[in-house]
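Written below as structure tokens is the structure these notes are about.
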Amino acid sequence: MVVTMLLLAALAIAWVDLRALARNGRIQDLAISLVFMGAALTLGIFSLLRIHIPNPLMGIKRVFQPLSLLMDSLLQ
């Protein structure tokens, strides 16, 4: 029920905001707004359904930590 209300609220916001962008011919702004709105809506639904969303900083840490250790050993 809450997810349905969130979807209806997102549709109402999209109708008001995106209609003006489409009318003015701002297609690039429209596309970017749709991407960000879709991402926010997806994260909101995941949060409501209590689906764990991993922290993106942990992925960055896993990628760059070996490089950091290598640089640290080279500079000692």
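Along the sequence shown, the residues carry numbers beginning at 1. Keep in mind it's a predicted model, so treat the numbers as computed, not measured.
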Verify the cluster assignment for [X] and [Y]: are they in a single hydrophobic cluster under the rule of side-chain heavy atoms below 4.5 Å apart?
X: Leu49; Y: Ile53; answer: yes
X: Leu67; Y: Ile60; answer: yes
X: Phe46; Y: Leu41; answer: yes
X: Leu6; Y: Ile51; answer: yes

Check your understanding: Which pair of non-hydrogen atoms, one from Gly38 and one from Thr42, has the smallest distance, and what is that distance?
Key ->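 Closest heavy-atom pair between Gly38 and Thr42: O-OG1, 2.8 Å.
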
Practice item. Kindly indicate whether the side chain of Ile45, heavy atoms from C-beta on, has any atom under 4.5 Å from the side chain of Leu7. Key: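 Contact flag for Ile45/Leu7 side chains = yes.
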
Check your understanding: Hey, are the side chains of Ser33 and Asp17 touching, using non-hydrogen atoms and a 4.5 Å cut-off?
Key ->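 The answer is no, as the side chains (C-beta and beyond) never meet within the 4.5 Å cut-off.
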
Could you state the interatomic distance from [atom1] ([X]) to [atom2] ([Y]), rounded to the nearest 0.5 Å?
X: Leu48; Y: Met5; atom1: CG; atom2: CE; result: 10.0 Å
X: Ile27; Y: Ile32; atom1: CD1; atom2: CD1; result: 12.0 Å
X: Met37; Y: Ile13; atom1: CE; atom2: CD1; result: 6.5 Å
X: Leu74; Y: Leu69; atom1: CG; atom2: CG; result: 11.0 Å
X: Met71; Y: Gln76; atom1: CE; atom2: CD; result: 12.0 Å

Review point. Does CZ belonging to Arg19 count more than 12 external heavy atoms closer than 6.0 Å?
Key: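 Counting neighbours around CZ of Arg19, more than 12 heavy atoms of other residues, nucleotides or ligands fall under 6.0 Å, so yes.
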
Check your understanding: Is it true that a side-chain atom of Ser68 and a backbone atom of Phe64 form a donor plus acceptor pair closer than 3.5 Å?
Key ->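 No; zero donor-acceptor contacts below 3.5 Å.
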
Exercise for review: Report yes or no: does Asn55 contribute a side-chain atom to a donor-acceptor pair with the main-chain N or O of Leu57 at less than 3.5 Å?
Suggested key: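 Such a contact is found between Asn55 side chain and Leu57 backbone.
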
